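Note that the coordinates shown come from a computational prediction; the quantities given were computed from them, not determined experimentally.
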Amino acid sequence: MKKTLRYSFFTGLLIAFLSGISACKNTDPSVMKIFVRSQSNELLKDAEVVIIGDVNSNPATLPHVDTLFTNSSGYAQFNLDSYYSKAGEDNPVAYFDVIAKKGNLQDSAYVRCRMHITAVETIFMFD
């Protein structure tokens, strides 16, 4: 009886330990969300947004270029999980130049992103 109790106690302890290890891994997505607004503060849909990795930043960002159009809510959402899988765990920070265009309007921003975090930036387009 004592042996069975002892084995079940250690088995339960082992299961708790192993589930605790797997729960420590961060699975949150790495996302950059760019809002594009007009001079009158209206969100602009169908604006082209380009992100370019700043290879001259410190720490250096890997080369990365992506282009999306803003949705009906006025933002473009870039999933950077593929970038961070290439960059690795040793490079949790990246810097991007962001260019937004719509018609004859264009503006830019500089965005710092972190692994497993959502970075948000707003670009205002002026005439």
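Taking the six-membered ring for Trp and thresholds of 30 and 60 degrees, Y75 and F35 have ring planes inclined between 30 and 60 degrees apart.
What you find for S82 and S85 is that their closest heavy atoms are O-OG, 2.8 Å. The heavy-atom pair separating F69 from D46 by the smallest distance is CD2-O, 3.7 Å. Shown here for Y84 and C113, the closest heavy-atom pair between the two residues is OH-O, 3.1 Å. Across all non-hydrogen atoms, the minimal contact from S30 to H116 is OG-N, 2.8 Å. The heavy-atom pair separating T61 from G53 by the smallest distance is CG2-CA, 3.9 Å. A119 and V111 make their closest contact through CB-CG1, 4.2 Å (heavy atoms, listed as atom of the first residue, atom of the second, distance).
Between the T70 side chain and the A47 main chain, a donor and an acceptor come within less than 3.5 Å of each other.
L62 CG to K86 NZ: the interatomic distance, rounded to the nearest 0.5 Å, is 8.5 Å. For the atom pair CD (E89) and CE (M115), the distance works out to 4.5 Å, reported to the nearest 0.5 Å. The distance from the CD atom of Q106 to the CE atom of M125 is 7.5 Å, given to the nearest 0.5 Å. Once rounded to the nearest 0.5 Å, the distance linking CD1 of I34 with CD1 of I99 reads 11.5 Å. Remark: T67 OG1 to I52 CD1 distance equals 8.0 Å, nearest 0.5 Å. Rounding to the nearest 0.5 angstrom, the gap separating the OH atom in Y95 from the CG atom in N58 is 8.0 Å.
Cluster annotation: V36 is connected to L105 through the hydrophobic network of ILVMFWY side chains, with a link wherever side-chain heavy atoms come within less than 4.5 Å. Under a hydrophobic-cluster definition in which Ile, Leu, Val, Met, Phe, Trp and Tyr are linked whenever side-chain heavy atoms come within less than 4.5 Å, directly or via other members, V120 and L43 are assigned to the same cluster. The cluster map of Ile, Leu, Val, Met, Phe, Trp and Tyr, joined by side-chain heavy atoms under 4.5 Å apart, puts V50 and V31 in different clusters.
Side chains of Y83 and D66: no donor on one and acceptor on the other come within 3.5 Å.
Between E121 and V98 the shortest side-chain heavy-atom distance does not fall below 4.5 Å. Residues L68 and Q77 form no side-chain contact, since every pair of their non-hydrogen atoms from C-beta on lies 4.5 Å or further apart.
More than 12 heavy atoms of other residues, nucleotides or ligands sit less than 6.0 Å from atom NZ of K102.
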